Amino acid sequence: VPSQFCRLATSAMMTATSITVQDLMMAAPRLEVQLALVAIQAVFWYVALSHLLPPYFARAINSMKSRERFLDNSAKSYKKLFTLDFNGDREQLFEFTVLFQCIATQHMVAGLLCLPSVLGCSWVSPPVASALACHGALCEVGWEIQDFLVRLKEIAFDGESGRKKNPASFMAVLIMHHTVAQCLVLPLNLYYRDNVYYHEAVLLLQAATVVAMLCQSYGFTLDVSLPAERRQMTVSVTLAFCVALWARGLRYAYIWYVLLTAFLADGNIFVLKMALVPVVMFSLFNIVVVADFYRKFAKFALARGRKADARSTKSDESCSSQMLERHVTAVQDVQPAAHSCETAGRKWSEIPAAVAHPQRCSRTPRPMLRRGLAAHTHPARASLTRAMPASTL
C-alpha cells in the first residue's frame, strides 16, 4: 500500500501543471486534482473558522438570555465527549464553544453538497451530483487537516496554554475521528466517486450529525425546572438521540457493510486495506457519541416515564391503603356501637322493675294518678278544686 501511494504521489507531482479549473470544479478523479482541492479546502476553512465565522457566533451566544446555562451545559458535554475539562476557565470555554458552532457550520455545508446525489435530484446531472458529493467529502478532509495543524502549533509553540487547550486525551479522540476521512476520502473519490452509498455515508456523518448537535445545543438553553421547557427538552433529546442512533449506528453499519463488500467483490484490496482501520476507529468514536446522546435521552425521556409509572403505582397503593383504612375505621366504629348496645342491654336488665316500668309496679289507682297529673299540669285548676264545696263536686 505505501509503495502504491508513493507512485501515485510522484505521478501527481509530475502532472500538477496540467490541472484546469474544470478539473477542480468537477473534482476530477486524479490524485493531483484531489490534493489541490484538499489544500484549497484547508486554507478556506482555516480562514472561515478562525476569522470569518467566530464574530457572528460570539455575538449570537453573548445575546442569549440563557448564556451562562448554555455554556455550563456545553462544558459538561465537552467533558463527557472529548474529555475536555476547562477547570472554570470561562474565556477558554467560550472560545471553544464558538469554534464548535463554526465546526457545525462546516459539517452542514459538507452534508448539503451530498444531497443532490443521495436524493437523486433530476435537475442535477449525475456527474455534477457526484462532483458535489466529492467536494463535500473534501470539505471534511480540508477542515481536519487545518484543525490538526493548528492544534499541533498550539502544543509546540504556545507553551502551557496551548498544552492545556489540547490535552493528550483530547488529541486521541480527534485522531479517532479524523482517521476515516484522511484515509478514505481520496481513495473513494478516485475509485468510487459515483457510488451513492459513499455519498450517503458523507451526508449522514456531516448533515445528520449537525441536526443532532443543533437539538442538543437548543436543549442547553432550556431551564428544566420549568414544566414547559422540560417537555421541550424531552422532545429535543429524543430527536437528537434518534438521529445519532440512525446516522452513527444503524444506517452507518449497513452502509459500510455494503461498501466493504463492494471493495472485496471488485478485488480492490488497496481501498479495502485503507478502509479497515479507519472504519474500526470511527466506529469506536461513534459509540462514544451515541452513548452521550443516550445518557441525555435516558435522563429526560426514560426517567420521566419511570417517574410517571412510579407515581401511578404510588397512587394505586395510596388508594388501596385509604380504602383499607376506611374499612378498618368502619369496623372500629361498629364494634364500640355494638359493645355499647350490649352494655346498655345488660344494664337495662339490671334496672329494677319499679324503675323500668313505673306504670306496672305503681299501686296508685289510675284515676288518682290521672288526677295527680292533672293537678300538676294545671295548678290553677287544682287550687280551684280545693276551694269548691264537696257537694258541688
Side-chain angles (χ1 to χ4, degrees), residues 1-15 18-19 22-38 41 110-111 113-121 124-142 144 176-208 246-286:
V1 174
S3 59
Q4 185 175 358
F5 190 79
C6 289
R7 286 197 298 270
L8 289 173
T10 303
S11 175
M13 288 186 291
M14 293 177 63
T15 58
S18 62
I19 298 174
Q22 180 72 14
D23 293 335
L24 294 175
M25 293 180 63
M26 296 301 294
R30 304 203 314 267
L31 184 59
E32 65 274 13
V33 176
Q34 298 295 316
L35 292 175
L37 289 173
V38 167
Q41 293 279 4
L113 289 173
C114 300
L115 271 180
S117 175
V118 174
L119 297 180
C121 297
V124 180
S125 65
V128 172
S130 296
L132 290 174
C134 290
H135 281 296
L138 290 169
C139 283
E140 179 71 9
V141 176
E144 290 177 355
M176 290 173 60
H177 176 274
H178 292 352
T179 50
V180 66
Q182 299 303 316
C183 295
L184 278 177
V185 167
L186 264 64
L188 291 177
N189 278 4
L190 293 174
Y191 296 101
Y192 293 91
R193 60 180 281 110
D194 298 322
N195 190 302
V196 179
Y197 284 105
Y198 165 47
H199 304 161
E200 186 180 357
V202 178
L203 173 66
L204 290 180
L205 297 180
Q206 299 290 306
W246 176 257
R248 292 183 176 272
L250 303 177
R251 187 64 178 173
Y252 167 87
Y254 175 74
I255 286 174
W256 282 105
Y257 167 76
V258 171
L259 289 174
L260 291 175
T261 53
F263 304 156
L264 187 62
D266 294 342
N268 199 329
I269 305 302
F270 168 68
V271 177
L272 182 63
K273 290 180 178 180
M274 293 291 291
L276 288 177
V277 174
V279 168
V280 172
M281 295 288 285
F282 200 77
S283 299
L284 296 176
F285 178 78
N286 284 343

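The structure displayed is predicted, hence computed values, not measured ones.
Here the straight-line distance linking atom CD1 of I255 with atom CG of L205 works out to 8.0 Å at 0.5 Å rounding. Here the CG-CD distance, from L24 to Q34, works out to 9.5 Å after rounding to the nearest 0.5 Å. Here H177 contributes atom NE2 and L284 contributes atom CG; the two are 13.5 Å apart, rounded to the nearest 0.5 Å.
Closest non-hydrogen pair, V185 versus A137, comes out as CG1-CB, 3.7 Å. When every heavy atom of L113 is checked against every heavy atom of C139, the shortest pair comes out as CD1-SG, 4.1 Å. Considering all non-hydrogen atoms of both residues, M25 and A131 come closest at O-CB, 4.1 Å. When all heavy atoms are compared, the tightest approach of A247 to L204 is CB-O, 3.7 Å. A110 approaches G136 most closely through the heavy-atom pair CB-O, 3.3 Å. Shown here for P278 and T179, the closest heavy-atom pair between the two residues is CB-O, 3.7 Å.
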Determine, step by step, whether L138 and L186 satisfy the side-chain contact (heavy atoms from CB on, under 4.5 Å) criterion, reporting the C-alpha distance in whole Å, the side-chain angles of both residues, the deciding distance to 0.1 Å, and the verdict. CA-CA 8 Å; L138 290 169; L186 264 64; 4.0 Å; yes
Audit row: V279, L184, side-chain contact (heavy atoms from CB on, under 4.5 Å) steps and yes/no: CA-CA 9 Å; V279 168; L184 278 177; 4.3 Å; yes
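Looking only at side-chain heavy atoms (C-beta outward), M176 and F282 stay at 4.5 Å or farther from each other. Within the 4.5 Å cutoff, no side-chain heavy atoms of M281 are placed close to those of V180. Counting heavy atoms from C-beta outward, L37 and V141 have side chains that stay 4.5 Å or more apart. Between V277 and C183, the closest side-chain pair of non-hydrogen atoms is not below 4.5 Å.
The salt bridge (Lys or Arg N to Asp or Glu O under 4.0 Å) analysis of residues 189-199, with sequence neighbours excluded, yields no pairs. Screening residues 196-206 for side chain to side chain donor-acceptor pair (under 3.5 Å), with sequence neighbours left out, gives S117-H199, E140-Q206, N189-Y198, E200-R251. For residues 275-285, the set of pairs meeting the salt bridge (Lys or Arg N to Asp or Glu O under 4.0 Å) definition, not counting sequence neighbours, is empty.
Here D23 pairs with T20, R30 under the side chain to side chain donor-acceptor pair (under 3.5 Å) rule; sequence neighbours left out. Residues meeting the ring-ring contact (aromatic ring centres under 6.0 Å, His included) test with H135, sequence neighbours left out: none. S283 is linked by a side chain to side chain donor-acceptor pair (under 3.5 Å) to Y252, counting only residues two or more places apart in sequence or in another chain. Contacts of P127 classified as side-chain contact (heavy atoms from CB on, under 4.5 Å), with partners at least two apart in sequence or in another chain: M26, S125.
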Side-chain atoms of residues 256-267: list all donor-acceptor pairs with protein atoms under 3.5 Å, sequence neighbours left out, distances to 0.1 Å.
residue	atom	partner	partner atom	Å
T261	OG1	Y257	O	2.8
T261	OG1	V258	O	2.8
D266	OD2	Y192	OH	2.9

